[in-house]
Amino acid sequence: MLKRLIRTKIGLFCLSWLVAAIVAMLMVSVRWKMKDTVSLRNMLADHDGFILVFWHERILAMPWLWPRRHAMTALQSPHPDGRMLAHTVNHLGVRTVWGSSNRNALSGLRGLKRILDAGRMAAITPDGPRGPARRAAMGPVALARLSGKPVLPVAWSVDRYWQAPGWDGMMIPKPFSRGIFVVGEMITPPKPKDDLEPQRLSLEQAMDEVTARADSLADPKAGTS
């Protein structure tokens with residue numbers, strides 16, 4: 001029934017607003033802190049487009065945490081499930097480029113390149129949409145080389161959360177938990193003749209490091225959950 005509902009315009013509109021409202025209410029209850037806010041503010045004030053990356057398990061809070069006046073643009077599948085996700089995050093300030101990272105990856109990268117060429121931000125979960133979890137695909141470094149734009153790894157964490165079933169173990173903050181948002185170091189784009197595999201591994205390591213830092217700051221006693 002749910003799948004039939006999201007295939008209709010009215011059903012998609014109502015359900016996406018409902019999900020966005022639930023996410024917003026949950027996020028409002030979390031006591032968020034931003035790490036390195038000055039460097040992020042300076043970065044956003046003077047940039048010509050960059051690629052924002054974070055692990056798929058941390059996707060839920062990113063539309064809420066990222067500054068709305070510097071909206072990110074994400075690649076979304078035109079499949080009904082992808083449209084549902086796209087409409088939901090649109091309500092939270094995320095823009096959409098339609099495409100697929102599986103069926104026509106080059107078309108999706110070209111769509112994101114146009115966003116970057118316009119000096120805006122493209123958001124990618126390098127281990128999505130199907131995993132394996134925390135293993136970076138080649139997409140972000142290929143896009144960085146294609147566009148000449150740098151890559152920025154970010155992460156958030158909370159001291160109390162649920163973990164959804166599924167390949168990525170998506171983190172869902174518990175109401176009234178304490179949360180932290182951490183910004184990593186900007187990664188220079190590969191040169192046209194660079195081998196992309198070392199770049200991919202370097203990106204994967206940088207993402208693990210910023211995520212571990214967020215986990216440690218959110219709950220120093222427990223460390224990584």
When rounded to the nearest 0.5 angstrom, what is the spacing between [atom1] in [X] and [atom2] in [Y]?
X: L44; Y: H70; atom1: CG; atom2: NE2; value: 4.5 Å
X: Q199; Y: E197; atom1: CD; atom2: CD; value: 10.0 Å
X: R110; Y: L143; atom1: CZ; atom2: CG; value: 12.5 Å
X: H56; Y: D168; atom1: NE2; atom2: CG; value: 5.5 Å
X: E57; Y: M170; atom1: CD; atom2: CE; value: 9.5 Å
X: F54; Y: L52; atom1: CZ; atom2: CG; value: 5.5 Å

[X] versus [Y], closest heavy-atom pair with distance:
X: G119; Y: H47; answer: O-CE1, 3.2 Å
X: W55; Y: P126; answer: CZ3-CB, 4.3 Å
X: D159; Y: A218; answer: CB-O, 3.4 Å
X: G184; Y: V210; answer: N-CG2, 3.7 Å
X: V30; Y: K174; answer: CG2-O, 4.1 Å
X: V53; Y: P140; answer: CG1-CB, 4.1 Å

Side chain to side chain contact (heavy atoms under 4.5 Å, CB included) assessment of W156 paired with M62: CA-CA 8 Å; W156 61 267; M62 278 306 306; 3.9 Å; yes

Note, [X] side chain near [Y] side chain (heavy atom, < 4.5 Å):
X: M121; Y: W66; value: yes
X: P175; Y: L26; value: yes
X: F181; Y: K33; value: no
X: R145; Y: L196; value: yes
X: L65; Y: M34; value: yes
X: L201; Y: P198; value: no
X: T188; Y: P150; value: no
X: V97; Y: I115; value: yes

Would you check, one step at a time, whether the test side chain to side chain contact (heavy atoms under 4.5 Å, CB included) holds for Q205 with D208? CA-CA 5 Å; Q205 181 180 357; D208 280 340; 5.7 Å; no

Should the pair [X]-[Y] be classified as a salt bridge under the 4.0 Å nitrogen-to-oxygen rule?
X: K149; Y: D48; value: yes
X: E204; Y: R200; value: yes
X: D215; Y: R58; value: yes

Between the side chains of W167 and D127, does any donor sit under 3.5 Å from an acceptor?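 No, no side-chain donor-acceptor pair sits under 3.5 Å.
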
In terms of side-chain heavy atoms, does S147 have a donor or acceptor partner in D117 at a distance below 3.5 Å?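 No, no side-chain donor-acceptor contact under 3.5 Å.
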
Going through the checks in order, is the side chain to side chain contact (heavy atoms under 4.5 Å, CB included) test met by T73 and T96? CA-CA 5 Å; T73 301; T96 297; 5.9 Å; no

Has [X] got a side-chain atom pairing as donor or acceptor with [Y]'s backbone, closer than 3.5 angstrom?
X: K113; Y: L146; value: no
X: R41; Y: D36; value: no
X: Q163; Y: G169; value: yes
X: S216; Y: A212; value: no
X: R120; Y: R114; value: no
X: D194; Y: P190; value: no

For atom [atom1] of [X], decide whether the heavy atoms of other residues, nucleotides or ligands shown that lie under 6.0 angstrom number more than 12.
X: R134; atom1: CZ; answer: yes
X: R31; atom1: CZ; answer: yes
X: D195; atom1: CG; answer: yes

Test side chain to side chain contact (heavy atoms under 4.5 Å, CB included) applied to I51 and L152, step by step: CA-CA 6 Å; I51 303 161; L152 180 67; over 6 Å; no

Using the rule that Ile, Leu, Val, Met, Phe, Trp and Tyr join whenever any side-chain heavy atoms are under 4.5 Å apart, tell me whether [X] and [Y] fall into a single cluster.
X: V182; Y: I187; result: no
X: W17; Y: L85; result: no
X: L18; Y: M84; result: yes
X: I22; Y: F176; result: no
X: M43; Y: V38; result: no

